[in-house]
Amino acid sequence: MSFLIDSSIMITSQILFFGFGWLFFMRQLFKDYEVRQYVVQVIFSVTFAFSCTMFELIIFEILKVLNSSSRYFHWKMNLCVILLILVFMVPFYIGYFIVSNIRLLHKQRLLFSCLLWLTFMYFFWKLGDPFPILSPKHGILSIEQLISRVGVIGVTLMALLSGFGAVNCPYTYMSYFLRNVTDADILALERRLLQTMDMIISKKKRMAMTRRTMFQKGEVHNKPSGFWGMIKSVTTSIPGSENLTLIQQEVDALEELSRQLFLETADLYATKERIDYSKTFKGKYFNFLGYFFSIYCLWKIFMATINIVFDRVGKTDPVTRGIEITVNYLGIQFDFFYAISSSKSSNVIVLLLAQIMGMYFVSSVLLIRMSMPLEYRTIITEVLGELQFNFYHRWFDVIFLVSALSSILFLYLAHKQAPEKHMAP
Amino acid sequence: MKLKVLPSILSSGWSTTPEQALTPGCSKMASLDRVKVLVLGDSGVGKSSLVHLLCQNQVLGNPSWTVGCSVDVRVHDYKEGTPEEKTYYIELWDVGGSVGSASSVKSTRAVFYNSVNGIILVHDLTNKKSSQNLYRWSLEALNRDLVPTGVLVTNGDYDREQFADNQIPLLVIGTKLDQIHETKRHEVLTRTAFLAEDFNAEEINLDCTNLRCLAAGSSNAVKLSRFFDKVIEKRYFLREGNQIPGFPDRKRFGGGTLKSLHYD
């Protein structure tokens, strides 16, 4: 009886999470696009729902809500479903959507996406070998095997993003790093951009006129298509078309230049906006926070180094550290996704997001275990079996450190390069 | 009279006045006049393919994401077939991006919207959102950008007001016609007819991978020709022979000048 009540509570909360994920999807992620494939939306919301349910179960565990046996049952079920989604469904659909974007393979979509999925599974399995994750007592397709691998990937991802976020946050918020941009700079760059566009236009005019005269004279210039066309065009060539290819090369170079100038101008505008923003109250507040965070991040990096050097497993939980930093920057990561998404790849992007999110949550559960007092660990240990948890902590520290240091290097280089680029006349 | 272009253009190399066609035999020496037409629309609707089709009469083999703005030129015969026939260059400025871009990108894009003579609005027939976004695109280009809200109200009065005093000719083009199933075609075409009416513009629906859609003599080609003629008319023949002040805020490479409007 109580089992039924508990189950119904769990199911209602799952439906709530599902609805929330759906709304989030529609409002935030796909604001500007139209969803053509409902499959993607459903998968995303389901992943979200089950990930949230896992955390809910942990909280219930601590608060001792619900019957302990029903909790155990739901844990197992939840874990099974999430693993099913993360290892089987989402990768398959990612492969399917990638393949449907490529025009050539359109006909045999299913075949190629199966192939892709098999390759993914192969690498996924190979991933487990070099890591001392679990004792060889267990069978092949047991939960422990799958979880250990998902856990490794998830922890790596989390550590990478935390490391980057830890460094990027002070860099973004602190106005010390803002280059000084004046209106004159922007105007000069815009003028250069328009000049380049004019040069491109004049060359294109010549090409268009040439093509027109050639067409009127009866020499139709066919673009070499296919393999044999290209071989033929090596031997025979029309003088008009030779000139065209020459001009075309110049145009290509100019177009590349115009793209660079456009991106630089956009960058300058963005910097100017940040400067203006930093002069407002909100900006000053975030600036102060930035200083705070930078000290905090430095301390965390320091602690990670100490842990590795002195070979001890951190008493403080990496998951709090990870969650703090990364949850704040989920916003920045979504911006990144907006920037690289277009209507073709939006499905793939969302599925990737769902995959990352699912793996995130699973590894959070793994890491959380360390920070929980002994009496609450039992259920996780029972469900997850004999995974070597210490390994995960060490792994997190290493990856976090590597990621933080490489982002420092990367940002330093990017920062140094930028003022030199736009000082040039 | 038609212009004659000799191969001297080709051998002149990197010349500073590439528009001039110097032909010893021909009595006319002129640089062709130009008009600037923007091509706007969401990313992925097929603007680059469309521009390539219009300018080079070929299907674009490998469309890639447009960063910034890409330009192409079409040679157009104004009033073709009549005694007043004249050739013009039509510059098609294909501006990439989306309506939801960061404001820094929008400010950068705004530099391309100066001195525009015509706007082609491109939307994807399979994607309703891209049609709705055309309102925001046109407002952005016409410099009357309102604060973007999540939901765009599109009742008739709102739109007519915004575009009532608009002088710049508009053309609405719907792409990917081949991907609309036969049964849905009528419904989609009715919707786009309403859209074009809102903009007080003509509309063309085509498939950018099919050369026959713009074959000479087809209704699409006629509409296109009429649109370009209208753009040229508004630009050069607006006030009965008065010269329209040209582009004061742009430094033109090559020193193009406005020629007198009448030819002898």
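In what follows, every chain begins at residue 1, and chains take the letters A, B, ... in the order their sequences are listed. Only heavy atoms go into these numbers, but all of them, side chains included; no hydrogens, no water, no symmetry mates.
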Heavy-atom count check: over 12 atoms from other residues, nucleotides or ligands less than 6.0 Å from A/Tyr269 OH? yes
Say you draw a straight line from SG of B/Cys69 to CD of A/Glu255; how long is it, rounded to the nearest 0.5 Å? 9.5 Å
Gap between atom OG1 of B/Thr108 and atom CG of A/Leu263 - 0.5 Å precision: 9.0 Å
Can you tell if the side chain of B/Tyr89 reaches within under 4.5 Å of the side chain of A/Lys204, non-hydrogen atoms only? no
Short N-O contact, B/Asp77 and A/Arg212, less than 4.0 angstrom: yes
So, are B/Glu91 and A/Lys205 salt-bridged, with charged N and O less than 4.0 Å apart? yes
Side chain / backbone / both / neither for A/Leu261 at chain B, heavy atoms under 4.5 Å: neither
Quick check: do A/Ile201 and B/Trp93 have side-chain heavy atoms less than 4.5 Å from each other? yes
Set of salt bridge (charged side-chain N to carboxylate O under 4.0 Å, His left out) partners for A/Glu273, sequence neighbours left out: none
Residue pair A/Ala270 / B/Ser104: nearest heavy atoms and the distance that separates them: N-CB, 3.4 Å
Non-neighbouring partners of A/Glu190 that pass salt bridge (charged side-chain N to carboxylate O under 4.0 Å, His left out), sequence neighbours left out: none
